[in-house]
Amino acid sequence: MSNDPFDVKDTYKHPSNWSIVNCTTPAQYFHVLRRQIHRPYRKPLIVMSPKSLLKSPVAVSSLDDMATGTAFKPVLEDQSIDRPEDVKKVVFVSGKLYYELVKEREARGLNGQIAFIRVEELSPFPRDDLQKEISKFSQSDEFIWCQEEPQNAGCYGFMAPRLTQLLPDNKVRECFDVL
């Protein structure tokens with residue numbers, strides 16, 4: 001997928017050969033395009049976001065999200081979680097599937113028990129941002145990568161070995177599946 005190192009400890013030693021993003025909000029899309037133009041160097045930007053999200057009534061951004069002082073965020077936290085210590089399952093997701101999962105979580109009455117962490121930038125791998133989110137949920141029982149595609153498709157093969165290295169030691173083997 002890219003020249004990102006397999007060992008996440010080396011993530012920032014070598015610059016990635018491209019940026020791969022899957023934006024879930026108009027503000028994120030705006031910021032990633034603006035970042036691409038203002039960078040002092042050029043490298044390919046691959047945007048996997050479907051255009052349908054730009055028209056979706058649930059995928060919205062306020063003008064404040066695009067104001068001066070704001071920027072692209074490689075990882076978006078689950079802002080609906082007030083008490084991270086109550087979260088039993090942390091689901092990493094990228095793209096429009098996030099909105100379907102939120103809808104299902106609400107329908108099943110699982111708000112506060114499942115956290116959805118949106119990975120907006122897949123490459124370069126956002127190690128520090130993911131570590132920050134994982135540390136909030138270190139007491140959780142399960143960490144899952146969720147994608148619409150089967151395990152041998154999508155970005156599971158790229159994300160799984162890297163995310164696994166960031167998880168708490170006692171959660172590494174048993175808690176990493178595709179839903």
Side-chain angles (χ1 to χ4, degrees), residues 1-39 41-54 56 58-59 61 65 70-79 89-102 114-137 140 142-167 171-172 175-179:
M1 183 164 164
S2 77
N3 68 339
D4 280 8
F6 184 77
D7 187 350
V8 296
K9 289 180 250 160
D10 297 332
T11 295
Y12 302 117
K13 286 184 182 176
H14 309 285
S16 181
N17 59 338
W18 55 14
S19 292
I20 302 172
V21 298
N22 196 354
C23 304
T24 57
T25 69
Q28 286 285 88
Y29 189 63
F30 166 79
H31 285 303
V32 79
L33 293 177
R34 184 175 69 173
R35 180 183 76 174
Q36 183 73 3
I37 293 298
H38 290 292
R39 280 185 165 164
Y41 55 88
R42 294 289 173 246
K43 71 166 103 174
L45 171 66
I46 296 146
V47 180
M48 300 188 303
S49 303
K51 291 186 288 185
S52 62
L53 276 184
L54 294 174
S56 172
V58 293
S61 298
D65 294 335
T70 59
F72 177 75
K73 298 175 186 170
V75 175
L76 295 178
E77 67 182 347
D78 191 335
Q79 295 181 341
K89 185 181 293 188
V90 178
V91 179
F92 299 96
V93 63
S94 186
K96 69 177 185 168
L97 180 60
Y98 164 77
Y99 294 104
E100 296 170 30
L101 292 174
V102 167
I114 300 175
F116 296 121
I117 307 302
R118 288 182 274 177
V119 182
E120 300 277 295
E121 184 167 46
L122 304 166
S123 178
F125 184 74
R127 180 192 71 196
D128 293 347
D129 297 300
L130 286 167
Q131 279 181 320
K132 179 181 168 191
E133 289 303 309
I134 290 168
S135 69
K136 293 178 188 176
F137 303 105
S140 296
E142 290 185 90
F143 292 85
I144 297 171
W145 173 261
C146 184
Q147 65 182 32
E148 292 177 291
E149 301 85 9
Q151 186 172 349
N152 66 343
C155 57
Y156 177 85
F158 179 80
M159 295 299 290
R162 288 165 177 82
L163 271 173
T164 301
Q165 294 175 57
L166 300 177
L167 297 177
K171 315 284 174 136
V172 172
C175 302
F176 211 83
D177 293 315
V178 176
L179 290 181

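Being a predicted model, the structure only gives us computed values, none of them experimental.
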Next item on the list: Mind checking the CZ-OH spacing from F92 to Y98? Nearest 0.5 Å is all I need.
Entry: 14.5 Å

Margin query: Let me confirm one number: the CD-OG distance from E121 to S94, rounded to the nearest 0.5 Å.
Written below: 10.5 Å

Next item on the list: Using modelled atom types only, decide if a donor and an acceptor are shared between the side chain of H31 and the backbone of D65 within a distance under 3.5 Å.
Entry: yes

Check: Can you check whether A160's main-chain N or O pairs, donor with acceptor, with T164's side chain at less than 3.5 Å?
Finding: yes

Item checked: Sole residue of L76, D78, V75 in side chain to side chain contact (heavy atoms under 4.5 Å, CB included) with R118 -> L76

Check: With distance as the sole criterion, is a donor-acceptor pair present between the side chains of S123 and R162 under 3.5 Å?
Finding: no

Note to self: Show the nearest heavy-atom pair for residues K89 and I144, with the distance to one decimal.
What the structure shows: CD-CD1, 3.6 Å

Note to self: Would the distance check show the side chain of Q165 and the main-chain N or O of P161 forming a donor-acceptor pair, the cut-off being under 3.5 Å?
What the structure shows: yes

Note to self: Rounded at 0.5 Å granularity, tell me how far CD1 in I134 sits from CD1 in I117.
What the structure shows: 8.5 Å

Check: Under 4.5 Å between any side-chain heavy atoms of K73 and D129, yes or no?
Finding: no

Checklist line | Closest approach of R42 to R39 (non-hydrogen atoms, all atoms of both residues) | finding: NH1-O, 3.3 Å

Note to self: Within this structure, what is the NZ-CG distance for the pair K132 and L166, rounded to the nearest 0.5 Å?
What the structure shows: 15.0 Å

Next item on the list: Starting at CG of L45, measure out to CZ of R35 and round the result to the nearest 0.5 Å.
Entry: 7.0 Å

Checklist line | Exercise: identify the closest heavy-atom pair between F72 and V32 | finding: CD1-CB, 3.8 Å

Checklist line | Atom pair NZ (K96) and CG (L53), whose distance is rounded to the nearest 0.5 Å | finding: 7.5 Å

Notebook entry, point to check: Does one side chain, of T24 or E120, offer a donor that lies under 3.5 Å from an acceptor on the other?
Noted result: yes

Notebook entry, point to check: Counting distance only, does the side-chain N/O of Q36 pair as donor-acceptor with the main-chain N or O of K43 below 3.5 Å?
Noted result: yes

